[in-house]
Amino acid sequence: MKILIIEDELQLAQNISAYLSDEQYLCEHAATFEQAMEKVTVYDYDCILLDLMLPGGDGFRILEEIKRLNKQDGVIIISARNSYDDKIRGLQTGADDYLAKPFHLPELAARVYSVIRRRNFGNNNVIRQHELKIDLLAKTVTIHDEPVVLTKKEFDLLLYFIGNKNRVISKSALAEHLSGDVADMMDSHSFVYAHIKNLKRKLNEAGGGNYLKTVYGTGYKWEI
Amino acid sequence: MNKLLSKSLKAFILYAGIVLACSIPAYYFIIDLIWQHELKEHNLIISASVKQNIRNLSLPGEDLARGIQLWNKLQPEKQLKPVDRLQPDSTYNIYRRNQYIPAKGTDRFEGLVTYFEIDGKPYSLTVETNMEESHETIIAIAVITFFFFALLLGGFIYLNRRISRRLWQPFYQSLQKISQFDLNRQQPVMFEKTDIAEFEALNSHLQKLISANIAAYRQQKEFTENASHELQTPLAIVQGKLDLLLQSKPLTDEQSTIIDDTHTALSRVTRINKNLLLLARLENSQFSGKEMIDLGALLEKTLALLHDFAEDRSLAVEKNIPAGVKVMGNKILAEILLTNLLSNAIRHTEKGGTVTVTLSEHTLTIANTGREALRMENLFQRFGTASSHTPGTGLGLAIVQEICRHDGWKAAYSFGQGRHVFNIDFRVWILNSF
């Protein structure tokens with residue numbers, strides 16, 4: 001899978017690239033508007049991470065260009081502006097998602113994963129992992145073809161882990177993900193713990209493997 | 001509070017009153033003195049003419065005695081009496097009961113006793129003239145003085161009004177303009193031209209002050225926005241580095257705890273920054289567009305979002321949300337407002353407490369159980385309730401307040417019967433209360 005990071009802040013681009021790059025993802029980087037335009041028009045990517053404020057031009061014009069060329073690349077806007085107008089405009093222009101800076105890298109990874117899944121698998125969007133089967137459209141989970149009943153938050157967490165497999169995720173990142181807009185509610189480390197405990201229990205009881213592991217006492221990891 | 005002009009008016013009236021009051025005895029003494037002096041002269045003239053006329057008569061002794069007797073009977077105010085010897089003239093001033101018209105009470109008389117000889121025999125002549133009594137004089141003077149005082153008073157008040165209306169008008173206009181000035185709206189104040197140098201100077205200085213204030217205020221707000229904005233990227237970098245650090249191997253539990261703690265603190269900084277940016281945008285009026293918001297639906301949605309948190313703290317959430325309550329406002333902001341208030345209520349209620357949400361046509365009331373009242377003065381201020389012991393940023397209520405101001409609503413807090421009550425009044429209030 002090819003990912004293009006359009007971001008003028010080198011450190012940030014390196015962070016993203018270092019976190020995402022593995023046997024699954026291949027990251028490229030464009031630091032200016034011209035570079036980005038060139039890459040976007042010439043190559044195809046599975047997902048493009050687009051910063052709106054670039055030296056040399058407005059990120060929206062890149063998005064418009066992608067849509068004009070009728071390309072199938074998924075686009076996630078990553079912007080420091082965090083303006084609701086930008087968000088609405090971006091999604092209306094055809095971006096798949098919008099992530100405000102600063103963000104946790106696992107959050108970005110989960111969203112990239114989800115965008116690529118949606119783009120590539122369309123109507124038959126089912127993730128299989130050994131005995132585990134997740135239907136993204138129906139939002140159902142089965143283990144050994146037996147349904148496992150998960151709450152919305154647990155399902156959400158499961159996808160988050162799948163999108164970050166083999167990486168350690170901090171409680172903070174999970175808390176932020178779970179509380180979303182109400183991130184002020186952070187007494188939520190215990191809250192995170194409760195949800196993860198439930199998810200783990202339900203998967204185990206249904207006969208699933210022990211993929212979800214506690215690491216170093218404070219983080220979690222979906223190991224496969 | 002005294003008005004400037006009425007203060008000077010009071011001083012003028014007091015001064016005029018004192019002067020006029022002092023003038024009453026002064027007038028009395030002078031009038032009485034002149035009066036007495038004139039009567040003395042009058043008595044002297046009469047006595048001189050009486051003496052002369054009697055001497056000119058040259059009556060023989062017996063006729064003279066009879067004449068004097070008759071004279072004394074007819075003219076009791078001019079008594080002629082034989083005396084032992086001649087004495088120097090004397091005068092007196094007495095009050096005496098009126099013998100002829102008792103109703104008149106006492107009268108005042110100025111008298112002259114003069115001695116002279118007729119045919120070698122000494123006689124005294126007493127001449128008395130009725131004089132105005134002193135209390136009557138005083139009353140007359142006082143009445144006139146009070147009349148003039150009243151005249152002065154009326155004149156002062158009338159002139160004062162005219163002056164205040166004409167002369168001070170530009171001053172009062174400027175005053176009104178300043179009182180209407182609202183730094184948040186940043187409309188520069190334009191003063192009207194006046195031909196009075198002092199007022200013109202005052203206005204121009206005020207204008208300078210206000211424009212400088214507006215500029216400073218704007219700069220400060222832009223600074224907040226720019227600063228918060230500039231912080232986003234470095235914060236994102238640090239957060240990313242921490243996420244990466246967590247992936248490195250080998251990592252001890254201790255190092256992992258450090259990373260986690262750093263993450264927690266960083267999240268707090270991020271949230272504060274985000275909220276500051278939101279506040280700056282609110283103040284800079286960057287949220288345009290109002291629409292009819294279905295408050296009931298929005299409340300239900302927000303409550304659903306917070307459901308897990310409430311359950312986590314085993315709180316009972318009592319809802320009284322009728323359908324169809326709609327208000328005019330910015331939907332995104334309304335959502336933030338509800339989230340802030342509800343998450344506050346949920347976060348600050350002790351385990352097992354109750355949160356009550358009541359919506360009516362014009363008001364939203366969110367109440368939660370609590371032990372003692374919050375300190376009101378800092379409640380809606382930035383960082384007024386901040387503490388490093390709570391996960392809150394100390395900006396939530398400041399944002400609520402700012403959103404209310406943005407849409408013309410009113411937020412209030414009260415405490416009673418063991419409950420914190422936050423109240424939002426959705427009727428549009430005129431913005432001059434700030």
Side-chain angles (χ1 to χ4, degrees), chain A residues 7-16 18-19 51 53 78-85 87-88 100-109 151-153 164 166-173 175-176 178-191 194-195 215-219 221, chain B residues 229-244 246-248 251-257 259-264 266-268 270-271 273-275 277-278 281 286-289 302 305-306 308-309 312-313 332 335-336 339-340 342-344 346-347 390-393 395-396:
Chain A
E7 165 66 63
D8 60 321
E9 196 67 43
L10 189 65
Q11 286 288 332
L12 198 57
Q14 279 175 356
N15 281 355
I16 296 170
Y19 190 85
D51 185 7
M53 278 182 292
I78 44 171
S79 171
R81 275 209 284 240
N82 191 20
S83 131
Y84 296 90
D85 292 339
K87 185 172 181 175
I88 291 163
K101 286 182 198 170
F103 47 77
H104 280 284
L105 291 176
E107 181 69 38
L108 179 70
T151 64
K152 193 176 169 295
K153 281 217 155 63
N164 283 286
N166 292 326
R167 292 193 190 85
V168 184
I169 302 168
S170 65
K171 264 187 193 163
S172 288
E176 204 113 319
L178 280 178
S179 51
D181 280 342
V182 284
D184 272 19
M185 303 295 300
M186 301 270 186
D187 177 22
S188 32
H189 276 197
S190 65
F191 181 68
H195 279 285
V215 200
Y216 313 130
T218 62
K221 191 178 190 178
Chain B
H229 192 86
E230 287 303 315
L231 278 173
Q232 303 279 54
T233 303
L235 279 173
I237 293 171
V238 177
Q239 202 159 56
K241 295 285 177 207
L242 280 175
D243 286 327
L244 284 176
L246 205 58
Q247 313 306 322
S248 57
L251 203 64
T252 64
D253 277 3
E254 195 187 350
Q255 287 165 332
S256 166
T257 309
I259 294 173
D260 196 53
D261 290 347
T262 315
H263 253 316
T264 308
L266 193 66
S267 298
R268 190 177 158 85
T270 305
R271 283 199 311 278
N273 198 48
K274 219 166 126 184
N275 283 342
L277 195 56
L278 175 63
R281 283 192 181 135
Q286 290 182 11
F287 288 90
S288 54
T302 313
L305 217 69
L306 293 167
D308 285 343
F309 294 97
D312 190 43
R313 303 183 61 84
I332 292 162
E335 221 174 308
I336 295 171
T339 306
N340 280 4
L342 286 173
S343 62
N344 263 351
I346 289 169
R347 193 173 55 209
T390 64
T393 58
L395 289 169

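Any value given below was found using the heavy atoms of this structure, including those in side chains, with hydrogens, waters and symmetry copies removed. Just so we're on the same page: letters track the sequence lines, and every chain starts at 1.
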Can you measure from [atom1] ([X]) to [atom2] ([Y]) and round to the nearest 0.5 angstrom?
| X | Y | atom1 | atom2 | value |
| --- | --- | --- | --- | --- |
| A:E176 | B:T270 | CD | OG1 | 7.0 Å |
| B:L246 | A:Y216 | CG | OH | 7.0 Å |
| A:K152 | B:D308 | NZ | CG | 9.5 Å |
| A:S170 | B:D261 | OG | CG | 11.5 Å |
| A:K101 | B:L235 | NZ | CG | 11.5 Å |
| B:L244 | A:I16 | CG | CD1 | 10.0 Å |

Using a 4.5 Å cut-off on heavy atoms from C-beta on, say whether the side chain of [Y] contacts that of [X].
| X | Y | result |
| --- | --- | --- |
| A:K171 | B:H263 | no |
| A:V215 | B:S256 | no |
| B:Q239 | A:E107 | no |

Between B:S248 and chain A, with a heavy-atom cut-off of 4.5 Å, which part of the residue counts as in contact: side chain, backbone, both or neither?
backbone
Between [X] and chain B, with a heavy-atom cut-off of 4.5 Å, which part of the residue counts as in contact: side chain, backbone, both or neither?
| X | result |
| --- | --- |
| A:K221 | side chain |
| A:I169 | backbone |
| A:F103 | backbone |

Considering residues at least two apart in sequence or located in another chain, which fulfil the side chain to side chain contact (heavy atoms under 4.5 Å, CB included) criterion with A:N166?
A:E223, A:I224
Heavy-atom nearest pair, A:N15 first then B:I237, reads ND2-O, 2.9 Å
Mind checking what makes salt bridge (charged side-chain N to carboxylate O under 4.0 Å, His left out) contact with A:E9, not counting sequence neighbours?
none
Counting heavy-atom pairs under 4.5 Å to chain A, which of B:E254, B:Q247, B:E230 comes out on top?
B:Q247
Tell me which of these, B:I259, B:L231, B:T264, has more heavy-atom pairs under 4.5 Å with chain A than the rest.
B:T264
